[in-house]
Amino acid sequence: MQKALLAWYDRHRRVMPWRATAGQRPDPYHVWLSEIMLQQTTVATVGPYFSRFVARWPGVQQLAAASLDDVLAAWAGLGYYARARNLHACAKVVAKAGGFPETIDGLLALPGVGPYTAAAIASIAFDLPAVAVDGNVERVVARVLAIEEPLPAAKPLLRMGAAEIAAKVARPGDFTQAFMELGATICIPRNPQCGICPWQKTCRAYALGIQNELPHKTPKKARPVRYGHVYILQRADQSVLIEKREAKGLYGGMYQFPTSVWQSGVDTHSNGTDTKVRQEANIARKGLTGRDFAAIGEIRHILTHFELRLQVWHSTVTGTVAKDLAAGNNRKWVGLKTLEDYGIPTVMLKALTLVAPQGRRRNG
DNA sequence: TACCCGTGGGA
DNA sequence: TTCCCAAGGGT
């Protein structure tokens, strides 16, 4: 099995910005950075982010010397911003230590590095015999061994199966990547390409004709809706007022336009008689009382565990008032062209497009 | 353990 | 449109 997969990988391995060419030892910094970025994020999305990070911060020393604000700004759009905060913290630890630890336990102790990432770095960067079990590997193992137990309960079983399949492998780094790449390109979630699979002959699900049913998954909960208001204040020079969020939690450390709280279950956008009251309360809470806002639309944004619907308000601000607004709440005026220097989450850029429809697609 | 934490692309 | 899900980790 191992030789069949490695032979398939040697022929079909994809080219990726962080992947060393065959026979070359990869840069641990590249391996680590890419693995953090790839957590719950597609290869296609990560590509340009990885290239920009490496161009700007060629090594872990440079990244450690950067400010968290700059790292978050470069990460903006990738999501799961705790990854960027942990990335920065991890860079400082590694830089101080003079390099990445070369043991599983050492890697596991790093911020943002869990069981999967530790095994991935250990095997890919250092060719240590570690088994990295990600979503791809779980799906492949569930099919090869025809494991009917649904996810996530099946995780321990799948981990043991993966360990057995990968035991005593000759090229741990290549095998880790091959295992995942098989799941990403052949043993895909729907309509797996069994006809060209190197493991077809040993796959129990294929033999049983149930490869398309596996892995089973326990049903997910419904996604609740949260409602809120976001206020885009703009000066005559088109610069906008932004503020920094709390350091942790949702969008922690990122910048935003002033917003109300995001309430679950209560539609504060409706035209009920108390809508204006709610809005006034929201505005007052943010120190924006008395401004004349125009409602310019609603945006909907899907997050992992809730859907966000924001009513977008706009107001034009002049001279002395603008200075007062920037005085408190960690707020500042920023020109539209320099907005990309700040860590602005996608949801906020989406709101801004209602004001400046031409504006602000990332990576462009 | 179960929940929190983003975003975009494909079917 | 809606749903799935993608090289998971932290708490």
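A note on names: the letters A, B, ... follow the listed sequences, proteins ahead of strands, and every chain is numbered from 1.
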| request: State whether A/Tyr251 places a side-chain N or O below 4.0 Å from either non-bridging phosphate oxygen (OP1 or OP2) of B/dC4. | output: no
| request: Between C/dG9 and B/dT1, how far apart are the C1' atoms? Round to whole Å, please. | output: 15 Å
| query | Between A/Ile299 (CD1) and B/dG6 (C1'), how many Å, whole number? | reply | 13 Å
| Hey, what's the ring geometry for A/Trp199 with A/Phe175, parallel, tilted or perpendicular (30° and 60° as the breaks)? | tilted
| task | Find the distance A/Met37:CE to B/dG8:P and express it as a whole number of Å. | result | 15 Å
| Starting at CH2 of A/Trp75 and ending at C1' of B/dC5, how long is that distance when rounded to a whole Å? | 13 Å
| task | Provide, to the nearest angstrom, the distance between the CG atom belonging to A/Leu308 and the P atom belonging to B/dC4. | result | 15 Å
| request: Please work out which of the three classes, parallel, tilted or perpendicular, describes the rings of A/Trp262 and A/Phe306, given edges at 30° and 60°. | output: tilted
| Under the side-chain contact (heavy atoms from CB on, under 4.5 Å) criterion, do A/Gln256 and A/Val230 qualify, and how do the steps go? | CA-CA 9 Å; A/Gln256 65 177 8; A/Val230 58; over 6 Å; no
| Letter per nucleotide, 5' to 3', of nucleotides 4-11 of chain C [B base touched, S only sugar-phosphate touched, - untouched; heavy atoms, 4.0 Å] | SSBBBSS-
| Check: A/Gln311/A/Tyr227 side-chain N/O donor and acceptor closer than 3.5 Å | no
| Side-chain N,O (A/His305) to OP1/OP2 (B/dC3) below 4.0 Å | no
| request: Walk me through it: do A/Thr41 and A/Arg83 pass the test side-chain hydrogen bond (donor to acceptor under 3.5 Å, both in side chains)? | output: CA-CA 11 Å; A/Thr41 309; A/Arg83 290 186 296 168; 3.1 Å; yes
| Will you find, in the side chains of A/Ser239 and A/Asp237, an N or O donor that is under 3.5 Å from an N or O acceptor? | yes
| N/O (side chain, A/His301) to phosphate O (OP1/OP2, B/dG6) under 4.0 Å | no
| field | Gap between atoms CZ and P, on A/Arg226 and B/dG6 respectively (whole Å) | value | 11 Å
| request: Could you give the distance separating C/dA6 and B/dC5 at their P atoms, to the nearest angstrom? | output: 22 Å
| How about A/Gln177 and A/Arg13: does a side-chain donor come under 3.5 Å of a side-chain acceptor? | no
| Rounded to the nearest Å, what distance is computed from the CD1 atom of residue A/Ile302 to the P atom of nucleotide B/dG8? | 12 Å
| query | When you measure from every atom of DNA chain C, which of residues 148-168 of chain A have a heavy atom less than 4.0 Å away? | reply | none
| query | Expressed in whole Å, how much space separates the P atoms belonging to B/dG10 and C/dA7? | reply | 14 Å
| task | Just call it for A/Leu250: base, sugar-phosphate, or nothing, with non-hydrogen atoms closer than 4.0 Å on any strand. | result | sugar-phosphate
| query | Taking only residues two or more places apart in sequence or in another chain, which ones pass side chain to side chain contact (heavy atoms under 4.5 Å, CB included) with A/Cys187? | reply | A/Val140, A/Arg143
| Parallel, tilted or perpendicular, as decided by the 30° and 60° cut-offs, for the rings of A/Tyr81 and A/Tyr251 | tilted
| remark: Closest to the 5' end of DNA chain B, once A/Lys221 and A/Gly252 are matched to their nearest nucleotides, is A/Lys221
